[in-house]
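Input: a single structure, listed below in structure tokens.
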Amino acid sequence: MKPSSRITIITLLGFWLTIFGGLPLLLLLVTSFLGQHPEKFFELNFSLESYRQLLDSSYLDILLRSIKQAVITTLLCLVISYPFVWLTARMNKRNRNIVLILVMIPFWTNSLIRTYAVRIIIGTNGLLNKMLLGLGLIDSPLRLMYSETAVVIGLIYLMLPFMILPLYANLEKFDYRLVEAARDLGAGNTQIFLRIALPLTLPGIIGGSIMVFVPTMGLFYVASLLGGGKNLLVGNLIHQNFLVSQNWPLGAAMSTALILMLLSMLLAYTFILRKMKSREVAG
Amino acid sequence: MKPFRIIYLAIVFLYLYIPLAVMVANSFNVNKYGMRWDGFTLQWFSAMLQNHSLMEATRNSLLVAISSATVATVLGGLGATCIYLYRFRGRKVMQVTLLTIMMIPDIILAIGLLVLFVITGVSLGFWSLLLAHVTFCLPFVTVTVLARLQGFDPNLIDAAKDLGASESQTTRHIVIPLLKPALLASWLLSFTLSLDDVIVSSFVTGPSFDVLPLKLFSMVKVGVKPEVNALSTLFVGISVVLILICHYLTKENKR
Amino acid sequence: MKKGVLTITDLSKSFDGLSVVKNFNLVISQGEFVTLLGPSGCGKTTLLRLIAGFDKPDSGTIMLDDKDIGCTPPEKRQVNTVFQSYALFPHMTVFDNIAFGLKITKTKKSELLSRVQNVLKQTQLESLAHRFPSQLSGGQQQRVAMARAVVNRPRVLLLDEPLSALDARLRQEMQIELKKLQRNLNITTILVTHEQDEALSLSDRIVVMNQGAIAQIGTPREIYEEPKNLYVARFIGEINQLPARVEEVNNSGNLTINVLGKNITIAKEIDCAKGDRVHLLLRPEDLRISGDIDEAMPRFSGSIIDRRYRGATLDTTIRLDTHDITLQACEFFDEDDPDFDYSIGEKVEVSWVPGWEVLLKDET
């Protein structure tokens, strides 16, 4: 590239990232320290009111419940994905590609549409209830809709590919001969899993977990569509404060708290990764 | 493979596909509520086409998706090339910012941008959507393009210069042709991300510019709408085509 | 000084304060095949990149014919490179790869066609012209990389470890082809390698490099038979090293040295005085064991501690009885005694062919 066009591109991208990437986050942080005002979005004075309100039990409840749901979703995604990916990684190249494409098709389909599809299935008159009734497993339809379970089912459904793909990227590189070597040395299945597979695939596990956990807390439409008004996520609260009650400082404070929590998780992740790397080098 | 393993894979796939399959089936089902199969019909597709507000929202969404995918691919593609080829001040900061945008939940970026737009007086509509969508697509484009660039033999560019090609000739004859599959894949990914986006769009669009996710959201909140099934079926079909194209392109990459 | 195609004078280059090439001087004449030989990190690749123009020198000049090209960008130099990784353009056919340089310089279509065809024929790639690089074997890719460089008729051809990615047998074949092509086209060539075999068999002259400086320049024979310092002696081929001391410097140019307690007189002229510490260096193939020893030569007794049958030769490791020194020997099988062999632990006497030794001053 010519030096002039090179400078133009770098400047343009730099400006874009500063104004639409960095600045909004900074504004959010500033907003969280502003005073609240019943009619306007905010009042221009320094205030810790929003952070004080965050400690209010009703908000803390939702935050904790939201974390709980995100954790359950992440764990279930992991439990479902790990064996799935493990089996896929052992396949020949062609089958592997087919499986991956099949995983990615839902991933590329509008997530609102997919949430809606889940609703069709688990509704009181949905396919799931009909099947269970037909098989005689239950006498009356399960009331799954508008419950925490429904939200978690929907979240798993949406987030599963986000667990499968990073795990796959990691497990694909896993040398299966290590398992054979361990077996040759007399290790049983449990030992192989705990001592060989788990430590070596830990980066993939943590990476996938972050990919699932982080967006989950923001998926307000899943909670709205499947959880009704009762099972809220942090995303719903932020959504409400910004678009309904227009209490920006409170919404911004919630976002800041969310970022801080996620940031600490990310730091822990990089710390673990670095530790593993240094161990590899030393070993 | 042992039968147990096949069953396991099958169950996961059933979980992923049954909801989609039921939805697709219902879009052709005479029974409006999808309680049982009452026969094949295309009436929901025509109902969909006659629903003007739904069609307008679809048009708006496609417009935003195509424009933001194009801007993000051009800016991100060129930017990634600069990040790969040159060492300049702020290069690290740029990469960290891109990573941050990719990692933070959409909702955070969305409200941040909302605050920015309201304060600076950008009216909420097509332009605010475009700016926001380009922003969250950029990291995905740069990651895809950088991965492709890093997959090259680093000597290729030296080789072209060695054979007499100037900077611009190297870009034209070597860098851009080699990046073509990655750029196409980036465009498709950005297009899908933009079309799929619910969260950012909810915050940065205004009442005058209705987009698909919001329209769908308000429609399905109140109950089953067969024309939504029809539209969704159409989108699933498009996704399948796009992903096959993408897969073909990445295969090309490895050749 | 002899006038050359490429004249490098006092060239220096450092990265992050680490000096990689130091005051390098070299003159290469038309059609010559020169090899830069050394272990990795000795600066040979940096030197090549300086000549190609990918890096800029800190000081010194690089003259191509009569022009200083030190600061000319690579695309303006009449120098072409064959990269270690070949760096073939993956989206172009063999033909387009080879024609790239000619297209860039806007060569006439008819001339371009005939030149590419000609090179394709010389490198036996005619039938592969429309394949993509990914559809070629390693050896074929290597040939394309060669063809792509030579078709531009560079004043100097640079080869950066061009054969290192090939397996041993193919490498031998390619060495022969490479030499043939270079001779036919009479292209001045600089090869960078860490393979001494490659350097010895291909080059007119070898530049042995050590930490950015020249350790020795000479023909392959000079480098192998008369290494100028311990570094070169050890780097090229196997060599046995025995400590010795100068006993007497005779007027006629002979030296008497003491090796492991024995005095011998050697017809060598090195700059030394009585009492200096020196090294006696002996190639394994110059050692003689037991029966073949010249009467006038000193002999050392030892025992065989290892033997390795190598087909054409029998290699042995001998530990001397009196000193903690092991020697490597390499003997050819001869027709008179096809069964000759040693058993481990066998007592032998070792000596060498008079005049084939190398004597170097101790450098420490």
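- The choice from Leu98(B), Ile111(B), Leu75(B) that makes the most heavy-atom pairs within less than 4.5 Å of chain A is Ile111(B).
- For Asp196(B) and Thr192(B), the side-chain atoms include no donor-acceptor pair closer than 3.5 Å.
- For the set Leu26(A), Val99(A), Thr31(A), the count of heavy-atom pairs under 4.5 angstrom toward chain B peaks at Val99(A).
- A side-chain donor-acceptor contact under 3.5 Å links Tyr116(A) and Asn229(B).
- If you measure heavy-atom distances from Leu17(A) to chain B, the contacts under 4.5 Å come from both the backbone and the side chain.
- Residue Leu266(A) touches chain B through its side chain alone, counting heavy-atom pairs closer than 4.5 Å.
- Contacts between Ile122(A) and chain B at a heavy-atom distance below 4.5 Å are absent for every atom of the residue.
- Both the backbone and the side chain of Val115(B) come within contact range of chain A, judged by heavy atoms closer than 4.5 Å.
- Between chain B and the residues Gly22(A), Pro83(A), Pro161(A), the most heavy-atom pairs under 4.5 angstrom are made by Pro83(A).
- When each of Leu23(A), Ile156(A), Thr18(A), Leu100(A) is checked for heavy-atom pairs under 4.5 Å with chain B, Ile156(A) comes out on top.
- When heavy atoms are compared at a cutoff of 4.5 Å, Leu258(A) approaches chain B solely by way of its side chain, counted from C-beta outward.
- Here the side chains of Met211(A) and Met159(A) are not in contact, with every heavy-atom distance at 4.5 Å or above.
- Using a 4.5 Å cut-off on side-chain heavy atoms (C-beta onward), Leu87(A) and Tyr8(B) make contact.
- The contact between Ile101(A) and chain B is made by backbone and side chain atoms together, counting heavy-atom distances below 4.5 Å.
- Neither the backbone nor the side chain of Ile238(B) has a heavy atom closer than 4.5 Å to any heavy atom of chain A.
- For Phe88(B), the part lying under 4.5 angstrom from a heavy atom of chain A is the side chain only.
- The shortest side-chain heavy-atom distance between Met91(A) and Ile98(A) does not fall under the 4.5 Å cut-off.
- The choice from Val234(A), Leu160(A), Leu263(A), Thr256(A) that makes the most heavy-atom pairs within less than 4.5 Å of chain B is Leu160(A).
- Proximity to chain A involves both the backbone and the side chain of Ser202(B), based on heavy atoms less than 4.5 angstrom apart.
- Heavy atoms of Leu116(B) lying under 4.5 Å from chain A belong to its backbone as well as its side chain.
- Using a 4.5 Å cut-off between heavy atoms, Ser232(B) touches chain A through backbone and side chain atoms alike.
- Heavy-atom distances place the side chain of Leu138(B), and not its backbone, under 4.5 Å from chain A.
- Using a 4.5 Å cut-off between heavy atoms, Ser255(A) touches chain B through backbone and side chain atoms alike.
- With a 4.5 angstrom heavy-atom cutoff, Ile80(A) touches chain B via backbone and side-chain atoms both.
- No donor-acceptor distance shorter than 3.5 angstrom exists from the side chain of Asn26(B) to the backbone of Asn29(B), with no hydrogens or angles considered.
- The contact between Leu262(A) and chain B is made entirely by side chain atoms (from C-beta outward), counting heavy-atom distances below 4.5 Å.
- Under the ring-ring contact (aromatic ring centres under 6.0 Å, His included) criterion, Tyr168(A) pairs with no residue at all, not counting sequence neighbours.
- Residues Ile67(A) and Met261(A) form a side-chain contact, since some pair of their non-hydrogen atoms from C-beta on lies under 4.5 Å apart.
- At a 4.5 Å heavy-atom cutoff, the contact between Thr135(B) and chain A is made by backbone and side-chain atoms alike.
- Listed options Leu212(B), Val118(B), Asp197(B) were ranked by heavy-atom pairs under 4.5 angstrom with chain A; first place goes to Val118(B).
- In this structure, the side chains of Leu131(B) and Leu113(B) stay at 4.5 Å or more apart for every pair of heavy atoms.
- Heavy atoms closer than 4.5 Å to chain A are found in the side chain of Leu244(B), but not in its backbone.
- Using a 4.5 Å cut-off between heavy atoms, Val103(A) contacts chain B through both its backbone and its side chain.
- A donor-acceptor contact under 3.5 angstrom links the side chains of Ser111(A) and Tyr221(A), judged on distance only.
- Residues forming a ring-ring contact (aromatic ring centres under 6.0 Å, His included) with His239(A) (at least two apart in sequence, or on another chain): Phe220(A), Phe203(B).
- Taking Leu193(B), Leu189(B), Val24(B) one by one and counting their heavy-atom pairs under 4.5 Å with chain A, the maximum is reached by Leu189(B).
- Interface summary for chain B: among Ile121(A), Ile210(A), Ile238(A), the most heavy-atom pairs under 4.5 angstrom belong to Ile121(A).
- Chosen from Val93(B), Leu109(B), Leu114(B), the residue pairing most often with chain A at heavy-atom distances under 4.5 Å is Leu114(B).
- Neither the backbone nor the side chain of Phe136(B) comes within contact range of chain A; no heavy atoms are under 4.5 Å apart.
- Between Thr170(B) and Ser168(B) there is no side-chain heavy-atom pair separated by less than 4.5 Å.
- Ser224(A) has its side chain within reach of Asn236(A): a pair of non-hydrogen atoms, C-beta onward, lies under 4.5 Å apart.
- Ile259(A) places a side-chain heavy atom less than 4.5 Å from the side chain of Ile108(B).
- A donor-acceptor contact shorter than 3.5 Å links the side chain of Arg91(B) to the backbone of Ile83(B).
- Between the side chains of Thr216(A) and Gln69(A), no donor-acceptor pair is found at a separation under 3.5 Å.
- Looking at Leu13(A), both its backbone and its side chain come within 4.5 Å of chain B, counting heavy atoms on both sides.
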_CA sep, side-chain torsions, deciding dist, call: Ser201(B), His133(B), side-chain hydrogen bond (donor to acceptor under 3.5 Å, both in side chains)_ = CA-CA 8 Å; Ser201(B) 302; His133(B) 283 211; 3.1 Å; yes
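- Interface remark: Leu195(B) contributes backbone atoms only to the contact with chain A (heavy atom separation under 4.5 Å).
- When atom types are taken as modelled, the side chain of Gln169(B) and the backbone of Ser166(B) share a donor-acceptor pair closer than 3.5 angstrom.
- When the candidates Ile164(A), Val118(A), Val214(A) are compared by the number of heavy-atom contacts under 4.5 Å with chain B, Val214(A) comes out ahead.
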